[in-house]
**Q** 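Pasting a structure below so you can have a look.
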There are 2 protein chains.
Amino acid sequence: MKPSFEELKEKLKQRNIHLSYQRLRVLEYLVQNRCHPTVEQIFSDLQKSISTLSKTTVYNILKILVEAGVVRVITIEDYETRYDIEVENHGHFKCKSCGTIYDFNINFDLLNSADLKNFKISDKNVYFKGICPRCLSNINETNEVKGD
Amino acid sequence: MKPSFEELKEKLKQRNIHLSYQRLRVLEYLVQNRCHPTVEQIFSDLQKSISTLSKTTVYNILKILVEAGVVRVITIEDYETRYDIEVENHGHFKCKSCGTIYDFNINFDLLNSADLKNFKISDKNVYFKGICPRCLSNINETNEVKGD
DNA sequence: TCCCAATTTGTAATCATTACATATTTACAA
DNA sequence: TTGTAAATATGTAATGATTACAAATTGGGA
């Protein structure tokens with residue numbers, strides 16, 4: 001369900017993807033930061049310890065990891081692309097107030113439609129938006145609504 | 001279920017949104033072209049009959065229509081923003097082969113997760129990807145897979 | 001008709017992403 | 001160990017969608 005760093009390394013080896021230093025560090029970052037980071041977040045955090053890191057490299061590596069099936073692209077909003085270690089059976093909830101993205105479990109098998117009976121479905125995404133409990137309680141306390 | 005041009009005009013009037021010529025034409029375009037067009041498609045098609053139209057205007061109008069709740073943004077892919085007349089209870093399927101986006105009916109009430117019991121959900125999106133029946137039959141006929 | 005406010009327009013700026021050429025590293029054979 | 005070719009990483013420039021902004025146009029009410 002929640003793949004470990006070692007399992008992911010093994011999966012990449014099986015696909016003949018060379019585990020370079022930068023690739024391992026990006027993979028490690030994604031395992032340790034399951035907060036659906038943007039390229040900018042990944043790059044700026046890793047650059048602190050890999051001073052020569054290039055943002056192009058981060059883009060290249062993410063592309064390879066996505067193609068290898070170990071990382072998933074999340075496009076809840078059109079203006080920010082996020083990346084997530086591939087995990088089965090979950091949806092994403094984005095809080096309109098604080099911007100946090102939460103994972104939630106959902107039974108994808110229930111997600112069927114007669115309209116798609118002749119379609120080959122390879123990828124299911126569920127994105128919700130709204131207000132998270134923490135922001136809800138803040139709003140109730142202050143009695144004012146924070147902007148979107 | 002499928003709002004008419006007249007119903008949408010009425011909804012905008014109720015929200016005190018002035019129905020300028022350009023706004024009406026964009027709205028009309030979206031009602032007549034329920035193919036989830038991009039800004040580029042909307043702009044280039046409308047420019048044929050509104051020669052003075054500016055792309056900035058299309059962006060402005062779409063923003064207003066989205067805020068008014070009559071149009072929905074679809075971000076299946078991170079690199080292309082699409083727009084859709086607001087319709088309840090449907091998901092979107094994008095064919096990886098031909099790029100067409102299909103609507104399908106789905107019961108959003110079944111889309112629940114215990115993980116979200118304290119969340120206020122305002123927006124549910126379901127995006128599938130795969131191969132549509134037409135492309136599936138093409139692949140079977142020619143026995144070769146078209147690129148992604 | 002005139003004037004003010006809303007709307008539209010066009011240009012320039014922004015920003016994420018990609019293209020591409022160069023530099024570096026790695027794997028492997030001699 | 002050394003040389004070399006291929007793979008990988010890097011940095012800069014280009015691209016392209018979107019936004020900011022200021023000027024032009026339009027529309028409605030006095």
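This structure is a prediction, so every number in the text was calculated from the model and none was measured. Residue numbers begin at 1 in each chain, while the letters A, B, ... track the order of the sequences. Only this structure's heavy atoms are used, side chains among them; waters, hydrogens and symmetry mates stay out.
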**Q** Measure from the side chain of A/T56, starting at C-beta and using heavy atoms only, and say which of D/dA20, D/dT12, C/dT17 lies closest.
**A** D/dT12
**Q** Rounded to whole angstrom units, what separation is found between the CZ atom of B/F43 and the P atom of D/dT18?
**A** 13 Å
**Q** Using a 4.0 Å heavy-atom cut-off, does A/S20 contact any base of the nucleic acid, only the sugar-phosphate backbone, or nothing at all?
**A** sugar-phosphate
**Q** Rounding to an integer number of Å, can you tell me how far B/L19 CG sits from D/dG27 C1'?
**A**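 It is 13 Å, rounded to the nearest whole Å.
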**Q** In this structure, how many angstroms lie between the P atom of D/dA7 and the CD1 atom of A/I61, rounded?
**A**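 Distance check: A/I61 CD1 to D/dA7 P gives 17 Å.
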**Q** Which atoms form the tightest heavy-atom contact between A/V126 and A/F104, and what is the distance?
**A**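 In terms of heavy atoms, the two residues are closest at CG1-CZ, 4.1 Å.
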**Q** Among the nucleotides C/dT9, C/dT7, D/dT18, which one has an atom lying closest to any side-chain atom of B/Y59?
**A**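 Between C/dT9, C/dT7, D/dT18, the one nearest the side chain of B/Y59 would be D/dT18.
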**Q** When you get a sec, tell me which of C/dT9, D/dT10, C/dT7 is the closest nucleotide to the side chain of A/Q22?
**A** D/dT10
**Q** Rounded to whole angstrom units, what separation is found between the CD1 atom of B/I50 and the C1' atom of D/dT25?
**A** 15 Å
**Q** Just wondering, do B/D103 and B/V87 contact through their side chains at under 4.5 Å, heavy atoms?
**A** no
**Q** Can B/T100 and B/R134 be counted as having a side-chain donor-acceptor contact under 3.5 angstrom?
**A**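 Side chains of B/T100 and B/R134: no pair found under 3.5 Å.
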**Q** Can you check the B/L53 CG to D/dT25 P distance for me, whole Å?
**A** 16 Å
**Q** What is the distance, rounded to the nearest whole Å, between atom OH of B/Y21 and atom P of C/dA6?
**A**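 Distance check: B/Y21 OH to C/dA6 P gives 24 Å.
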**Q** Let's see if you can work this out: which of C/dT8, D/dG28, D/dA9 has an atom nearest to the side-chain heavy atoms of B/N60?
**A**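 For the B/N60 side chain, the nearest candidate turns out to be C/dT8.
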**Q** Counting the atoms with a prime plus P, OP1 and OP2 as sugar-phosphate, which does B/D78 contact under 4.0 Å by heavy atoms, base, sugar-phosphate, or nothing?
**A**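 No contact.
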**Q** Quick check on the hydrophobic clustering: are A/F5 and A/I61 connected, directly or via other members, by side-chain heavy-atom contacts under 4.5 Å?
**A** yes
**Q** In this structure, how many angstroms lie between the P atom of C/dT7 and the CD atom of B/E67, rounded?
**A**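 From B/E67 CD to C/dT7 P: 12 Å.
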**Q** Which nucleotide wins on minimum distance to the side chain of A/H18, given the candidates C/dA27, D/dA9, C/dT9?
**A** C/dA27
**Q** Please determine whether residues B/L110 and A/L111 belong to a single hydrophobic cluster, defined as Ile, Leu, Val, Met, Phe, Trp and Tyr linked transitively by side-chain heavy-atom distances below 4.5 Å.
**A** no
**Q** Checking contacts here: which listed nucleotide (C/dG10, D/dT18, D/dT12) is nearest the side-chain heavy atoms of B/V39?
**A**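 Among C/dG10, D/dT18, D/dT12, the one nearest the side chain of B/V39 is D/dT18.
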